[in-house]
Amino acid sequence: MTVLEEPIKEVLTLKNYINGEWVEAKTDEIRDVVNPATMKIIARVPRSGAEDVDDAIQAAHEAFPKWRRTPPVTRARYLFRLKTALEECFEELSRIQTMEHGKTIDESRGETRRGIEMVEVACGIPSLMMGYNLEDIARGIDEYVLRQPLGVFGCIAPFNFPFMVPLWFLPFAIATGNTFVLKPSSEVPNSQTKLHEILDEIGLPPGVVNMVHGGREVVSTLISHPDIRGISFVGSTHIGKNIVYKTASAHGKRVQAQTGAKNYMIIMPDCDIDRTARAMMTSFFGNTGQRCLSGANLVIVGEDAVFYNRFMKSIVSYTKRINVGYGLDERVQMGPVRSPDKKQRIIEYIEGAIDDGCKFMIDGRKPKILGPYPDTCFLNPTILKDVTNDMKVAQEEIFGPVMNVIRTKNLDDAIALVHENPYGNASSIFTSNGAAARKFQYEVEVGNVGINIGIAAPMAFFPFSGMKDSFFGDRHGQGGGHGFEGAIGFYTESKVVISRWW
Ligand code: NAD
């Protein structure tokens, strides 16, 4: 049997990182963090309370005046050090993600790389944060715009990208001169604990970054605290919209809430069958379907039965070859879902679909697993056919390895299906026809569009978009973006100066 190198060797009760110190949470409520592949306990995480969050916000508030006066080039140098330190711990960081989340080691390495890329982009802050000016707006009068930091920002993260998602925000927030309080997902707190150990090592001034473990109480303090100027949230639509966006904006804070998804992959009959089928494997089953950019509904366009049969034969054949097991085993291509309740929820969606008249092309409920692991959190991929767009399974976010096959007549109808869905995170078209691709890109109402791309994930220097029920706010995460539409705009305020000297 393959020997798997697990970096977490001891079950520790995790601490909060406040004002440059590791401190115990002031609570007796501690929960186990379980590796979903082995079902072994790997850490204990505290449910911190309002007092812990308050300490962190106060530390960040006190650190702000000095940090904002630190020149951007000096702030950038901390990020250069962070980049080097992250590269040195690359493999350890990746293995921690697999242990706590379940994704394959290759997926974790991809996640680590994407996280580091955010730091690299934020290193360019002296250029990214520049304002603009115009001389002689009237005789002898000049006018210019400055971009300034605001104060303390909070971040509330989801379980599905334990390392990368907080890095969509943290490097940009501190590079622009703000200070930061992070609440990681309590399901996967180890990656951020390791990241904050590294942040501690690079010698950032105390209070610039802070981390508080916990759940609801931490969130409700962050979104209502008078010293928090803005919130970056990533998670489900229900929490993002009804709790975080509503409350934080009612308290006068900036909010960017990146939320749930139901992504349509539009397959045109002129696509490259083999390449498209392979792209569908990572789209639908990568990260075990627990990605906000995962394919969920596979829409086959046209009535060509020969194309349909050839395409689905290829999809089924690739799907059956996916090795499922513990992600630290390099042979494994799909890991478990994060927890037993998530598995149960996915099975309920599959069974509901069968009750609604769908049929199995592949039934993944009784998983075959590579290696001696309990099946508690494992599923194999499922493919359902005869799905129609009005069904619950096609409308709601399942967040698991389930492909719904929907058939439709033409591209207009396919785009209409996307628009009937409340979400607007991502959608892709697969075609060899440029006119069809352009029409799709032009008309489709989603934030991240793929053309022959299965996971339309924007790079760090572009904003991560999202529309409808997939995003609440007006400035997206990541990226410099033209006109400060992304992270730099979110984390800075513009000040206009009109100046005359006589
Ligand atoms: P979640 O909404 O359950 O949790 C997100 C965060 O909110 C966590 O930190 C959690 O502790 C906190 N939270 C949960 N319940 C709460 C409550 N009642 N009150 C206050 N805080 C609460 O989301 P999740 O399951 O961790 O993540 C999966 C979701 O995230 C999916 O919907 C996925 O589509 C979405 N997501 C979106 C993007 C994007 O960019 N749009 C990216 C990644 C994930």
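Bear in mind that the values here come from a model prediction, so they are computed numbers and not experimental data. Note that ligands are numbered from 1 as they come in the structure, with each ligand's atoms numbered from 1 the same way.
Checking atom 19 (N) of ligand 1 against the protein gives a heavy-atom contact under 4.0 Å.
By heavy-atom distance, the residue among Gly466, Cys292, Ser236 lying nearest atom 42 (C) of ligand 1 is Cys292. When the heavy-atom distances from atom 35 (C) of ligand 1 to Gly240, Gly235, Gly260 are ranked, the shortest goes to Gly235.
Screening Gln256, Arg254, Arg475 against Ser232 for a side-chain hydrogen bond (donor to acceptor under 3.5 Å, both in side chains) leaves a single residue, Gln256. Checked options Phe490, Phe172, Phe169, Phe64; the residue passing with Phe153 is Phe490 (criterion: ring-ring contact (aromatic ring centres under 6.0 Å, His included)).
Among the atoms of Trp168, none of the N or O lies under 3.5 angstrom from an N or O of ligand 1. Polar contact check, Lys183 against ligand 1: a nitrogen or oxygen pair lies under 3.5 Å apart. Below 3.5 Å of separation, one finds no N or O of Asn160 facing any N or O of ligand 1. At least one N/O-N/O distance between Gln258 and ligand 1 falls below 3.5 Å. Note: no N/O pair closer than 3.5 Å links Pro158 and ligand 1 by distance alone.
Geometrically, Lys392 engages Tyr349 in a cation-pi contact, judged by NZ or CZ lying under 6.0 Å from the ring centre and within 45° of the ring axis. Geometric assessment of Lys246 against the ring of Phe472 yields a negative cation-pi assignment under the 6.0 Å and 45° thresholds. Under the 6.0 Å distance and 45° angle rule, Lys342 counts as a cation-pi partner of Phe159.
In terms of protein heavy-atom proximity, atom 13 (N) of ligand 1 is closest to Ile239 CG2, 4.0 Å. Protein heavy atom nearest atom 28 (C) of ligand 1, with residue, atom name and distance: Phe399 CE2, 3.6 Å. Of the protein's heavy atoms, Glu397 OE2, 2.6 Å lies nearest to atom 34 (O) of ligand 1. Scanning the protein heavy atoms around atom 7 (O) of ligand 1, the nearest turns out to be Phe233 CE1, 3.6 Å. Annotation: atom 26 (O) of ligand 1 to nearest protein heavy atom, Phe159 N, 3.0 Å. Closest to atom 37 (C) of ligand 1, if we only count protein heavy atoms, is Thr259 O, 3.1 Å. Shortest contact from atom 21 (N) of ligand 1 to any protein heavy atom: Val219 CG2, 3.4 Å.
Within the 4.0 Å heavy-atom cutoff, Phe161 does not count among the residues contacting ligand 1. Using 4.0 Å as the threshold, Ala157 has a heavy atom nearer than that to some atom of ligand 1. Residue contact annotation: Phe471 has no non-hydrogen atom under 4.0 Å from ligand 1.
Of all the atoms in ligand 1, the ones that sit under 4.0 Å from a non-hydrogen atom of Ile156 are 6 (C), 7 (O), 9 (O). Each of the following atoms of ligand 1 lies closer than 4.0 Å to a heavy atom of Val234: 5 (C), 36 (N), 37 (C), 38 (C), 42 (C), 43 (C), 44 (C). For ligand 1 and Phe464, the ligand atoms under 4.0 Å from any heavy atom of the residue are 40 (O). Interface atoms of ligand 1 facing Asn425, defined by a heavy-atom separation under 4.0 Å, are 41 (N).
Looking only at side-chain heavy atoms (C-beta outward), Phe399 and Val337 stay at 4.5 Å or farther from each other. Counting heavy atoms from C-beta on, the side chains of Met118 and Val121 never come closer than 4.5 Å.
At most 12 heavy atoms of other shown residues, nucleotides or ligands fall within 6.0 angstrom of atom CZ in Arg229.
Lys194 NZ to Ile8 CD1: the interatomic distance, rounded to the nearest 0.5 Å, is 10.5 Å.
Ion pairing between Glu111 and Arg114 fails under the 4.0 Å rule for side-chain N and carboxylate O. The pair Lys26-Glu24 does not count as a salt bridge, with every side-chain nitrogen at least 4.0 angstrom from each carboxylate oxygen.
Closest non-hydrogen pair, Lys15 versus Val23, comes out as CB-O, 3.4 Å.
Looking only at atom types and distance, the side chain of Tyr17 has no donor-acceptor partner in the side chain of Asn210 under 3.5 Å away.
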